[in-house]
Amino acid sequence: MHIKTTKCNRFCLVASVTNHEVFHRPEAQASFEALFRSFDPEVQFQYFKSFQRVRISFSDALAAAEARLRLHKTDFNGKEMRLYFAQSVHIGSPRLEPPKPDKQFLISPPASPPVGWEQSQDATPVINYDLLCAISKLGPGDKYELHTATPTTPSVVVHVCEDERGDSSALDDSDQDDKPRPPRPKIIQTRRPDYAPGVEQ
C-alpha cells in the first residue's frame, strides 16, 4: 500500500493531553470539550486513551486556527495541553504494490536476477613454485633460516626432524624404495566372553 503524507488538515486539531482524567471522568471530559465548543458548537471529539491524544474536528477552518492559537500550551487541570494540526494521509492504492524490478532479486525465494547480471568466475588458484621447490629440498637433521634477524625482530629457523628409523639420512630415495618395509603389527581382537543362558554375570 502506497502511503503519502500531504499538507496539514486545517479543520482538525490533535490535542496531546497528559491529564488522564479526560479519558476516565465524564466531568473532566465535559469541561475539556467546553473549551473547544466556545469556538465551534459543532465540533466533534475522538478520544485515543492509549496514545493520550484527542482528535478534534471543526466545521470551520478559522475556528480551528483560533482554537489552536489561544489554547496551545495552556493549562488544563494542572497539566499543559498542546495542540497540533492533524496531517491528512493520501492512500494512493488500496492494494499492496510489488517492489521495483531492480530489487526483486533480494526476495526469498529469489526471482529472476536483474538484467545484465552475470555469475562471477572463481579466481585461479595461485601456486608458489618457489615454496614447493624449497620444501622438496628439506632434509632430516638440517636447519633452514626463513627470516634473518634484525635489531628489532628475531630470526626464524626451521629444524627438520630426524627419521624415526634412524640412519635413513645416509640413504637416498632409491635405496629406501628398494628396501622392504617391516610388516605392520597385527591387531588381535578381544575375545568375546562366553554366555550361558540363565547365569547372571
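Contact record, Phe36 with Ala67: CD2-CB, 4.3 Å, taken as the closest heavy-atom pair. Considering every non-hydrogen atom in both Glu21 and Ala28, the closest pair reads O-CB, 3.6 Å. Of all heavy-atom pairs between Lys79 and Thr18, the closest is CB-OG1, 3.5 Å.
Residues passing the side chain to side chain donor-acceptor pair (under 3.5 Å) test with Thr148, sequence neighbours excluded: none.
No path of Ile, Leu, Val, Met, Phe, Trp and Tyr side chains, each step under 4.5 Å between heavy atoms, connects Ile56 with Phe11, placing them in separate hydrophobic clusters. Taken together through direct or relayed side-chain contacts under 4.5 Å among Ile, Leu, Val, Met, Phe, Trp and Tyr, Tyr47 and Phe58 form part of one hydrophobic cluster.
Counting heavy-atom neighbours within 6.0 Å of Glu27 CD, excluding the residue itself, gives a total above 12. Within 6.0 Å of CZ in Arg70 there are 12 or fewer heavy atoms belonging to other residues, nucleotides or ligands. More than 12 heavy-atom neighbours from other residues, nucleotides or ligands sit within 6.0 angstrom of CD on Glu80.
Residue Val14 is tested with Gln46, Arg68, Arg53 for a side chain to side chain contact (heavy atoms under 4.5 Å, CB included); the sole match is Arg53. Under the side chain to side chain contact (heavy atoms under 4.5 Å, CB included) test applied with Leu83, the options Val17, Leu69, Leu71 reduce to a single match, Leu71.
The backbone N or O of Ser57 sits nowhere less than 3.5 Å from a side-chain atom of Gln44 that would complete a donor-acceptor pair. A donor-acceptor pair under 3.5 Å links the side-chain atoms of Asp40 to the main chain of Ser59, judged by distance alone.
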